[in-house]
Amino acid sequence: MPKQRYRITVAYDGTAYAGWQIQPKDETVQSVLERALQKMCGSRTRLHGSGRTDQGVHARGQVAHFDADITVPVSKIPIVLNTLIPSDIRVLSARKAVSDFHARRSTTAKEYRYFIWNAPMIDPFERLYCTHVRRPLDISAMRCAAKAFVGRHNFRAFTANPKTDVPSHTRNIFHLRISRSGPKICISVKGDGFLYKMVRSMVGYLLRVGAGEVSAGSVGAVISSARRTADVPTAPSSGLFLWKVWY
């Protein structure tokens with residue numbers, strides 16, 4: 001008999017981990033969860049995530065699936081797994097999924113949020129979850145520049161490794177919104193998919209716009225160039241969260 005497919009939603013603080021995906025020598029979120037699954041299921045169980053997050057990147061709504069033949073009620077899966085994993089990773093929910101559901105291939109959209117603390121001194125309780133930018137940022141200019149990212153474009157200029165063998169560098173960005181509450185800035189990006197370090201590269205360029213180093217109108221030309229250069233920096237990982245995945 002085929003095993004039942006399960007879908008889980010996971011939140012984690014990525015500070016202590018070398019990203020989501022299993023690494024040969026480093027601890028990752030996936031490796032922690034797979035060890036817990038092995039204990040719950042009684043055999044090695046492969047976990048498939050909606051996508052990779054890099055070292056130091058966090059998640060509020062990572063989605064993953066696994067196949068298992070277990071007697072644990074689906075409502076108890078988060079409780080069981082959370083007793084087997086460290087407290088900086090939490091399984092928020094679990095549900096049964098149809099056999100052809102795939103956490104990565106079935107996605108229709110993802111939202112990332114990037115947080116910036118824009119003040120001379122950072123709140124110590126925010127230091128792991130925001131990028132600290134001391135110099136003033138022009139939010140109006142950043143919002144103006146953000147409009148150029150929206151839509152379907154070739155984002156080769158905004159991937160950290162443009163030579164990566166991917167079928168296409170074209171992605172559709174549904175929205176890129178920038179909000180501010182006191183010193184805390186949130187950049188929310190939703191799209192049908194993202195290239196390697198694409199969000200951090202977009203944020204890195206928007207920070208240059210906010211600092212007055214480049215003009216708000218320059219984004220379109222960078223996109224059109226389809227060429228990654230040193231003009232596009234990669235923002236630090238600590239401010240980035242995988243916020244939500246749609247199916």
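No experiment lies behind these values; they were computed from the predicted model shown.
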Item to complete: Only counting residues at least two apart or in another chain, list the ones meeting ring pair (Phe, Tyr, Trp, His ring centres under 6.0 Å) with H175.
Response: none
Worksheet entry | Partner residues of S179 under the side chain to side chain contact (heavy atoms under 4.5 Å, CB included) criterion, sequence neighbours left out | C186
Response to the item:
salt bridge (Lys or Arg N to Asp or Glu O under 4.0 Å) filter on R90, not counting sequence neighbours, yields none
Discussion item. Using 0.5 Å steps for rounding, measure from the CD atom of Q30 to the OG1 atom of T53.
Written reply: 10.0 Å
Worksheet item: Does the side chain of R52 come within less than 4.5 Å of V57's, by heavy atoms?
Response: no
Item to complete: List the steps, then state whether side-chain contact (heavy atoms from CB on, under 4.5 Å) holds for D69 with Q4.
Response: CA-CA 6 Å; D69 184 10; Q4 173 65 50; over 6 Å; no
Item to complete: Ignoring hydrogens and angles, tell me if any N or O in the side chain of D192 forms a donor-acceptor pair with the backbone of N172 under 3.5 Å.
Response: yes
Fill in: Hydrophobic cluster identity match, Y129 and I187, side-chain contacts under 4.5 Å
no
Practice prompt. Output the rest of the hydrophobic cluster of L92: all Ile, Leu, Val, Met, Phe, Trp and Tyr residues reachable through side-chain heavy-atom contacts under 4.5 Å, sorted by chain and number.
Written response: none
Worksheet item: So, H58 side chain and D13 main chain: donor-acceptor pair closer than 3.5 Å or not?
Response: no
Worksheet entry | Value rounded to 0.5 Å, distance of OG1 in T159 from CZ in R228 | 7.0 Å
Practice prompt. Would you sort out whether S43 and Q38 count as a side-chain hydrogen bond (donor to acceptor under 3.5 Å, both in side chains), showing the intermediate values?
Written response: CA-CA 5 Å; S43 60; Q38 183 169 356; over 6 Å; no
Discussion item. Could you check whether K184 makes a cation-pi contact with F115, meaning its NZ or CZ is under 6.0 Å from the centre of the six-membered ring and within 45° of the ring axis?
Written reply: yes
Worksheet item: Which residue pairs pass the side chain to side chain donor-acceptor pair (under 3.5 Å) test when at least one of the two sits in residues 113-124, sequence neighbours left out?
Response: E111-R113, Y114-T131, N118-R180
Worksheet item: Where do D54 and R200 land on the salt bridge (Lys or Arg N to Asp or Glu O under 4.0 Å) test, with the steps shown first?
Response: CA-CA 11 Å; D54 297 325; R200 289 166 60 190; 3.5 Å; yes
Practice prompt. Determine, stepwise, if the pair R152 / R171 fulfils side-chain contact (heavy atoms from CB on, under 4.5 Å).
Written response: CA-CA 6 Å; R152 185 173 295 277; R171 299 292 186 271; over 6 Å; no
Worksheet item: Are the side chain of R143 and the backbone of S140 linked by a donor-acceptor contact shorter than 3.5 Å?
Response: no
Worksheet item: Is a side-chain N or O of T107 found less than 3.5 angstrom from the main chain of A109, in a donor-acceptor match?
Response: no
Worksheet item: Do we see a donor-acceptor contact under 3.5 Å between the side chains of Q21 and T28?
Response: no
Worksheet item: Could you state the interatomic distance from CZ (R105) to OG (S50), rounded to the nearest 0.5 Å?
Response: 13.0 Å
Item to complete: Using a 4.5 Å cut-off on heavy atoms from C-beta on, say whether the side chain of M198 contacts that of I173.
Response: yes
Discussion item. Starting from I8 and following side-chain heavy-atom contacts under 4.5 Å between hydrophobic residues (I, L, V, M, F, W, Y), which residues can be reached?
Written reply: Y6, V10, Y12, Y17, W20, V29, V32, L33, L37, M40, L47, F66, I70, V72, V74, I77, V80, L81, L84, I85, I89, V91
Practice prompt. Not counting sequence neighbours, which residues clear salt bridge (Lys or Arg N to Asp or Glu O under 4.0 Å) with R5? List them please.
Written response: D67
Response to the item:
Smallest heavy-atom separation, R7 atom then A97 atom, equals CB-CB, 4.2 Å
Worksheet, complete the sentence: Shortest non-hydrogen pair, A146 vs L176, comes out as CB-CD2, 3.6 Å
Item to complete: List the steps and the verdict of side-chain contact (heavy atoms from CB on, under 4.5 Å) for F149 and F158.
Response: CA-CA 10 Å; F149 286 114; F158 289 91; 3.6 Å; yes
Worksheet entry | Heavy-atom donor-acceptor pair, S225 side chain to V222 backbone, under 3.5 Å | yes
Worksheet item: Side-chain contact, heavy-atom cut-off 4.5 Å: I139 with M142?
Response: yes
Discussion item. Tell me which pairs pass salt bridge (charged side-chain N to carboxylate O under 4.0 Å, His left out) where either residue lies in residues 33-47, with sequence neighbours left out.
Written reply: E27-R35, E34-R46
Would you list the atom pairs, donor with acceptor, under 3.5 Å between side chains in residues 204-215 and any protein atom, with sequence neighbours excluded?
unit_1: Y205; atom_1: OH; unit_2: S218; atom_2: OG; d: 2.6
unit_1: R208; atom_1: NE; unit_2: E213; atom_2: OE1; d: 2.9
unit_1: R208; atom_1: NH1; unit_2: D231; atom_2: O; d: 2.8
unit_1: E213; atom_1: OE2; unit_2: R135; atom_2: NH1; d: 3.0
unit_1: E213; atom_1: OE2; unit_2: R135; atom_2: NH2; d: 2.8
unit_1: S215; atom_1: OG; unit_2: S218; atom_2: N; d: 3.4

Worksheet item: Under 3.5 Å, is there a donor-acceptor pair between the side chain of H153 and the main chain of S224?
Response: no
Response to the item:
Shortest non-hydrogen pair, S201 vs A160, comes out as OG-N, 4.3 Å
Worksheet item: How would you list, by chain and number, every residue that makes a ring pair (Phe, Tyr, Trp, His ring centres under 6.0 Å) with H132, sequence neighbours excluded?
Response: none
Taking distance alone, no hydrogens or angles, what donor-acceptor pairs closer than 3.5 Å link side-chain atoms of residues 236-247 to residues at least two apart or in another chain?
unit_1: S237; atom_1: OG; unit_2: Q55; atom_2: O; d: 3.0
unit_1: Y247; atom_1: OH; unit_2: A103; atom_2: O; d: 2.7

Fill in: Flag, side chain of E126 to backbone of I116, donor-acceptor distance under 3.5 Å
no
Worksheet, complete the sentence: The remaining residues in the hydrophobic cluster of I22, counting side-chain heavy-atom contacts under 4.5 Å among Ile, Leu, Val, Met, Phe, Trp and Tyr, are none
